[in-house]
Enquirer: 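Before we start, here is the structure in question, set down as structure tokens.
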There are 2 protein chains.
Amino acid sequence: MIMKNESYLRELLQEHGLKVTLARMKVLDVLVSSPVALSHSDITHRLEGQEIDKVTLYRTLGAFTEKKLTHKVASKDRNWLYALHIHENEPAVDHDHAHFVCDSCEKIYCLPVNTEEQTPVIPTPVNFIVTSREYRLHGMCPDCH
Amino acid sequence: MIMKNESYLRELLQEHGLKVTLARMKVLDVLVSSPVALSHSDITHRLEGQEIDKVTLYRTLGAFTEKKLTHKVASKDRNWLYALHIHENEPAVDHDHAHFVCDSCEKIYCLPVNTEEQTPVIPTPVNFIVTSREYRLHGMCPDCH
DNA sequence: CACTCTATGCAACTTGGTTGCATTAATGGG
DNA sequence: CCCATTAATGCAACCAAGTTGCATAGAGTG
Ligand SMILES: [Mn+2]
Ligand SMILES: [Mn+2]
Ligand SMILES: [Zn+2]
Ligand SMILES: [Zn+2]
């Protein structure tokens, strides 16, 4: 296994109250090296040769998300994609944030912008109480033009 | 079958280049009388006693959407919900628009607001070309507070 | 090192949705 | 009004994503 920085990954798990196991190390290794959010099947492919059980992978991603190590976002074809909250040398993205969806390659990028600062002018319909907002920008990513 | 306005429904189908069939009349009847977007299973329940085949229902919803009679929006649990573009005595909503998601009952309402007209302050990341936007407001709907 | 409790792996299942194909029925022309 | 054409329907079989139950393996703690 080629791990970017084994002790960094181990710390990341521990900081989030997660036991350090082989499966979690493998999955985390894949996630830290991806600039885009990944699906269960994306991750399975990137683990080829050293795959883990599919249920374990679902549960690993669930645990990561519950402990706020990752967050999930629904893809165009409606399955979950997972992305780290924290990227090395970047500020943590632990608040609600917008996403960029590439309409060509379908990759989804997290945009490190706090939605608080970018509230657009959608008039609140009467009798509806708005508590939060979701934004997605669509277009072409740098890889696709 | 209790149809609100049989000839109105028939016209709606014809205006959108759709053959008038029993299955389509039934489904359209359900859709015109719903203020919220409905899933395949929602519609099946509302058709109880006079259900149509599940594949036919999928294909009916697909045809409606292709012909721009309806549009679809992904729900929180990531299955498709369908809503009419046109509601009686209301202007057609054939542009991109925002949606309101009730976090209590999970219903999704179409907001008759053109997203083009909303110019939010989401800074476009460098090297990304933004062509369209998606907005969702979350909170509580009138039925839930 | 031994104990405990969580994480893992496997099988079986559920739900949403699709495909192929034979049959039925809507529509337009005569 | 009827017939032919063509599209819509129904059924069975299938697929992919995700979940549940349960027995076993393996972290972490002392
Ligand atoms: Mn994100
Ligand atoms: Mn809508
Ligand atoms: Zn792209
Ligand atoms: Zn509600």
Side-chain angles (χ1 to χ4, degrees), chain A residues 1 6-7 9-30 37-47 49-67 69-70 72-82 106 108, chain B residues 1 6-7 9-30 37-47 49-67 69-70 72-82 106 108:
Chain A
M1 183 163 20
E6 202 171 321
S7 60
L9 301 184
R10 178 170 283 114
E11 266 174 46
L12 220 41
L13 289 173
Q14 286 168 339
E15 281 168 12
H16 288 83
L18 291 157
K19 274 193 186 166
V20 177
T21 69
L22 185 55
R24 289 173 178 177
M25 288 292 276
K26 288 180 186 172
V27 176
L28 188 53
D29 190 40
V30 168
L38 301 175
S39 68
H40 183 285
S41 95
D42 291 336
I43 296 170
T44 303
H45 287 122
R46 298 187 189 205
L47 283 176
Q50 44 164 333
E51 286 136 31
I52 61 178
D53 182 77
K54 67 164 191 160
V55 178
T56 301
L57 179 49
Y58 278 119
R59 291 197 273 228
T60 299
L61 295 170
F64 283 7
T65 302
E66 204 177 324
K67 294 292 168 59
L69 175 53
T70 57
K72 57 184 180 180
V73 45
S75 75
K76 192 180 186 173
D77 40 345
R78 291 156 312 114
N79 38 31
W80 291 120
L81 305 185
Y82 297 84
E106 311 222 326
I108 299 189
Chain B
M1 181 164 19
E6 203 172 318
S7 60
L9 300 185
R10 179 169 282 113
E11 266 173 48
L12 219 42
L13 290 174
Q14 287 167 339
E15 281 168 11
H16 288 83
L18 290 158
K19 276 192 183 166
V20 178
T21 69
L22 185 55
R24 289 173 177 178
M25 289 290 278
K26 287 179 186 171
V27 176
L28 188 52
D29 191 39
V30 168
L38 301 175
S39 68
H40 183 282
S41 95
D42 291 336
I43 296 171
T44 302
H45 289 122
R46 296 186 190 204
L47 284 174
Q50 44 164 330
E51 287 137 30
I52 61 178
D53 182 76
K54 68 165 192 159
V55 178
T56 300
L57 180 48
Y58 279 118
R59 291 198 271 229
T60 298
L61 295 169
F64 284 7
T65 302
E66 203 176 327
K67 293 294 167 59
L69 175 52
T70 56
K72 56 185 182 179
V73 45
S75 75
K76 192 180 185 173
D77 38 347
R78 292 155 311 113
N79 39 29
W80 292 122
L81 305 184
Y82 297 84
E106 311 221 328
I108 299 188

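Letters go in sequence order (proteins before strands), and every chain restarts at 1. Since this is a predicted model, take the numbers as computed values, not measurements.
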Enquirer: Please report, rounded to the nearest Å, how far the P atom of dA26(C) is from the CD atom of Gln14(B).
Expert: 13 Å

Enquirer: Could you run down the sub-3.5 Å N/O contacts of the protein with nucleotides 13-17 of chain D?
Expert:
none

Enquirer: Taking Leu61(B) as the fixed residue, which of Ile43(B), Leu69(B), Leu81(B) is the one that meets the side chain to side chain contact (heavy atoms under 4.5 Å, CB included) rule?
Expert: Ile43(B)

Enquirer: In this structure, how many angstroms lie between the C1' atom of dT14(C) and the CG atom of Asp77(B), rounded?
Expert: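 So the two atoms are 14 Å apart, to the nearest Å.
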
Enquirer: Met25(B) has an atom CE; how far is it from atom P of dA8(D), in whole Å?
Expert: 16 Å

Enquirer: Leu13(A) CG to dA7(C) P: how many Å, rounded?
Expert: 11 Å

Enquirer: Using a 3.5 Å distance criterion without hydrogens, assess whether the side chain of His40(A) forms a donor-acceptor pair with backbone atoms of Leu57(A).
Expert: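 Between the backbone of Leu57(A) and the side chain of His40(A) there is no qualifying donor-acceptor contact (under 3.5 Å).
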
Enquirer: Looking at Ala37(A) and Val73(A), what are the two nearest heavy atoms and their distance?
Expert: CB-CG1, 4.1 Å

Enquirer: Would you mind reading off the distance between Leu18(B) atom CG and dT27(C) atom P, rounded to a whole angstrom?
Expert: 11 Å

Enquirer: Would you classify Arg59(B) as touching base, sugar-phosphate or nothing, given that sugar-phosphate means primed atoms plus P, OP1 and OP2, and contacts are heavy atoms under 4.0 Å?
Expert: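 Here Arg59(B) touches the bases of the nucleic acid.
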
Enquirer: With distance as the sole test, does Arg10(A) use its side chain to make a donor-acceptor pair with the main-chain N or O of Val20(A) at under 3.5 Å?
Expert: no

Enquirer: In whole Å, what is the span from the CZ atom of Phe64(B) to the P atom of dA8(D)?
Expert: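 In whole Å, dA8(D) P lies 11 Å from Phe64(B) CZ.
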
Enquirer: Is the closest side-chain heavy-atom distance between His16(B) and Phe64(B) below 4.5 Å?
Expert: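 No, too far: nothing below the 4.5 Å cut-off.
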
Enquirer: Return the value, rounded to whole Å, for the distance between atom CG of Asp53(B) and atom C1' of dT19(C).
Expert: 13 Å

Enquirer: Please check the phosphate of dT8(C) (OP1 and OP2 only) for any side-chain N or O of Thr60(A) closer than 4.0 Å.
Expert: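 It does, given that an N or O in the side chain of Thr60(A) lies less than 4.0 Å from OP1 or OP2 of dT8(C).
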
Enquirer: To the nearest Å, give me how far apart NZ (Lys19(B)) and C1' (dT24(C)) are.
Expert: 11 Å

Enquirer: For Ser39(B), does its backbone N or O pair with a side-chain atom of Asp42(B) as donor and acceptor, under 3.5 Å?
Expert: yes

Enquirer: Ignoring the backbone of Arg24(A), work out which of dC11(D), dA26(C), dT8(C) is nearest its side chain.
Expert: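 Selected nucleotide (nearest to the side chain): dT8(C).
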
Enquirer: Need one value for Thr56(A): base, sugar-phosphate or nothing, where a base atom within 4.0 Å counts as base even if backbone is also close, heavy atoms only.
Expert: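 Base, at least one base heavy atom under 4.0 Å.
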
Enquirer: Looking at Ile52(A), is its backbone amide N or carbonyl O close enough to the side chain of Lys26(A) to form a donor-acceptor pair, meaning the two atoms are under 3.5 Å apart?
Expert: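 Checking the backbone N and O of Ile52(A) against the side chain of Lys26(A), no donor-acceptor pair under 3.5 Å is found.
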
